[in-house]
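Notes to accompany the following structure.
Throughout, residue positions are numbered sequentially from 1 according to the sequence presented. Each ligand, and each atom within it, is numbered from 1 in the order the structure gives.
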Amino acid sequence: MTEAIAYERVGDIAVLKAQNPPVNALGVDVRRGLQAGIERAESEGAKAVLIYGDGRTYFAGADIREFGKAPLDPFLPDLCSRIEASPLLVVSSLHGTALGGGLEVALSCHYRIAVPTAKVGLPEVHLGILPGAGGTQRLPRVTGVEAALDLITSGRHVGAAEALKLGILDKVEDGDPREIGLAYTKSLLDSGAERRAVGEMPAPTPVDFDAVYDAVLKKGRGQQSPATAVRSIQAGCEAESFEAGLKRERELFMELMNSDQRLGLIHAFFSERAVSKLPELKGVAPRALDTVGVIGGGTMGAGIATAALLAGIRVTLLEMNQDAADAAKGRIQGNLQGALKRGKISQEKFDALTNDALTMAIDYDALAQVDLVIEAVFEDMDVKKQVFTKLDAVCKPGAILASNTSYLDVNEIAACTSRPQDVIGLHFFSPAHVMKLLEVVVADETALDVVATGFELGKKLNKISVRAGVCDGFIGNRILATYRTAADHMVLDGASPFQIDKALTDFGFAMGPFAVSDLAGLDIGWAVRKRKRAEGMDPRARDSSYADKLCEGGNFGQKTGKGYYVYEAGKRGGTPNPEVMELIEAERAEKGITPRAFTDEEIVRKYMAAMVNEAAKVVGEGIARRPLDVDMTLLFGYGFPRYRGGPLKWADIVGLPELLADIKRYAEADDYFWQPAPLLEQLVAERRSFDDLNKEAS
Ligand code: 3HC
Ligand code: NAI
């Protein structure tokens, strides 16, 4: 036996208890323990085996930390086959989350019971792989192909009641997993129940797998794992034997295991957990967070208030006057109505949130007792300073004063108060009750427990919180400004915005940069450009004016029905606006630029090089602590394809020396824009990667 599996004998039943905290992952010790436990039960004359997990869950899957390392005996698929082949009656009792390899072990047992709160699922596709221990072969035999396709390609978690209906579970019963498992196993023995091996069941009926494959590939925007899983399920229907299906599953599993997408997705899995773990916050208690004030109930303020209300926090929202307050309340109600329609909240909850938990105000005194205030007024330093001066005068001592500014200097905002230690940036993304990212912007004098409270708020609101330092645009918008500029340069040089958008959605982005601008409102970028020009741009910087002309014509994107694209009411997405090309061609002619053709690959390469280079500067300057902080920012706030892990993971995969060489080549034509990041040069010189920096920081 190993310590990871405890063996106990209860009458005729051998009980194997998994004890590998925190989630009973099926690491090598667990696998060895299970195998030894089955063998011992057989050799000692037990009639049945019960498997269950100690602590918070049954096996939550294979041990992801072992991926990419040399596999150690026994392999999980072989272990599953061994369990299934046992002449004893093997039963699993499930609680917590029986996921991936966990569910595969359960499916190789002959009977399954679970507590009502248990969840099961095969989420492997989210890690860039497919269920590789018989899951694509056994699940369809139990549920039929349609349900198995749904579960495996979506990776969704299924509650016990649904799993019972689908035949994944045989019984659901409240109680302790050991006790219900023992009682069930005993009843099976008493009733003379036979071994029931899923692998011995007939192959399921096939469907039109080619059509499913195409649909799944399209839905995944190029993500390979769900589509490959379809082929594996297909093999289960068409192979000449169960074993032949398992063999095919193994081949496809190994193909994915060796893919870049697997690297990207595993990086995302661990990074999204690492991102909010900051050494300096260890043991630092956050301040109270029971009541929140929001100032400004426009797009962002209303979204932030909605998110806070949904998380059970009381909100006082301050607007400029009664009309604006009424409009803001309408926006929040509209957001909550969305949640009501999707069944996320009940009518009763909707009423309680809008009538009791939300208070509208037009007088600062209403904010005197709140624990935290988030300012979301116009993006104008003078207005922000007026607001913070008033907050400083009315808020209770220890209240946290936060700004949702997109670009402005949080140090300057803090300096207009008598309590800069209580001031922080909390940068939400639009729509704030939907988007997962929160940048916690730490100013020079922000106190540690204020930072801890920012992260605590993120946790309560179910956000991915990233620490950012102060600079123009923090992590995300600063990098965005650079790669967006690279796109503008390519447009001037000959690419069309529509080709660029297409190349980048083909790369896996949720939307291309020009479609994103249309969604956010072209007036935002216009204001930034005007501000930058007013501040004085470097004469070497390439500027472009075609987007300004679009705005001057009153075209601000989706909200006006026209921007880079033309939008028709009731239709999703838009069609290219022909006026855009006229404006671009006029500007090229005016600047004497002869347009040249770009390949999609060139577009992606240049766009990504600009993103990586700026990201390396952001890390090098300490604005982001680690490369993974940038990766998570782009993943959760900017539609970067998760299966590529983030821009810096992507850079590691394609090779830093090659990227630096590209940047130097681009610099031959424009050495102002393409200044290599010192950190990138250093890593290349030292033959190190961004991931090495992540590891050093953890
Ligand atoms: N392997 C190794 N470590 C794991 C793990 C796994 N399968 N699952 C979770 N962990 C670790 C986490 O990294 C985290 O570590 P940390 O405390 O050092 O950050 C710790 O366990 C706790 O995890 P969470 O913070 O995520 O805890 P939650 O309670 O929020 O969630 C969970 C628990 C639902 C089990 C979630 O962790 C999860 O979804 N895990 C992944 C499940 C999964 O994908 N399983 C399939 C694995 S692939 C497979 O089985 C291949 C097979 O087909 C051959
Ligand atoms: P908005 O124009 O939709 O809303 C601003 C609101 O603030 C208006 O309702 C206005 O009445 C109110 N307001 C203005 N001055 C006020 C004052 N002195 N007191 C009380 N209320 C006042 O603007 P939006 O888009 O919500 O942006 C707000 C802030 O959030 C800005 O700093 C912006 O940069 C930032 N932000 C915006 C994002 C976006 O995508 N729109 C994303 C992230 C941050």
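- Which parts of ligand 2 touch F428 is read off a 4.0 Å heavy-atom cut-off, strictly below it: atoms 42 (C), 43 (C), 44 (C).
- For T299, heavy-atom contacts with ligand 2 shorter than 4.0 Å involve the backbone as well as the side chain.
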Using a 3.5 Å cut-off and no angle test, enumerate the donor-acceptor pairs between side-chain atoms of residues 385-393 and protein atoms at least two apart in sequence or in another chain.
| unit_1 | atom_1 | unit_2 | atom_2 | d |
| --- | --- | --- | --- | --- |
| K385 | NZ | E412 | OE2 | 2.9 |
| T389 | OG1 | K385 | O | 2.6 |
| D392 | OD1 | S418 | OG | 3.0 |
| D392 | OD1 | R419 | NE | 2.9 |
| D392 | OD2 | S418 | N | 2.6 |
| D392 | OD2 | S418 | OG | 3.1 |

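- Only side-chain heavy atoms of H427 come within less than 4.0 Å of ligand 2; its backbone N, CA, C and O stay farther off.
- Residue contact annotation: P123 has a non-hydrogen atom under 4.0 Å from ligand 1.
- Shown in contact with L127 at under 4.0 Å from a heavy atom are these atoms of ligand 1, numbered in order with element: 44 (O), 47 (C), 48 (S).
- Within the structure, the salt bridge (charged side-chain N to carboxylate O under 4.0 Å, His left out) test picks out the following pairs touching residues 265-274 (sequence neighbours left out): E272-R642.
- Per-residue contacts place I295 under 4.0 angstrom from the following atoms of ligand 2 (heavy atoms of the residue considered): 19 (N), 20 (C).
- For atom 10 (N) of ligand 1, the closest non-hydrogen atom of the protein is V23 CG2, 3.8 Å.
- By the definition of a contact as any protein heavy atom under 4.0 Å away, atom 4 (O) of ligand 2 is in contact.
- Contacts between I64 and ligand 1, counted as non-hydrogen atom pairs separated by less than 4.0 Å, involve both the backbone and the side chain.
- A 6.0 Å sphere centred on NZ of K247 holds no more than 12 heavy atoms belonging to other residues, nucleotides or ligands.
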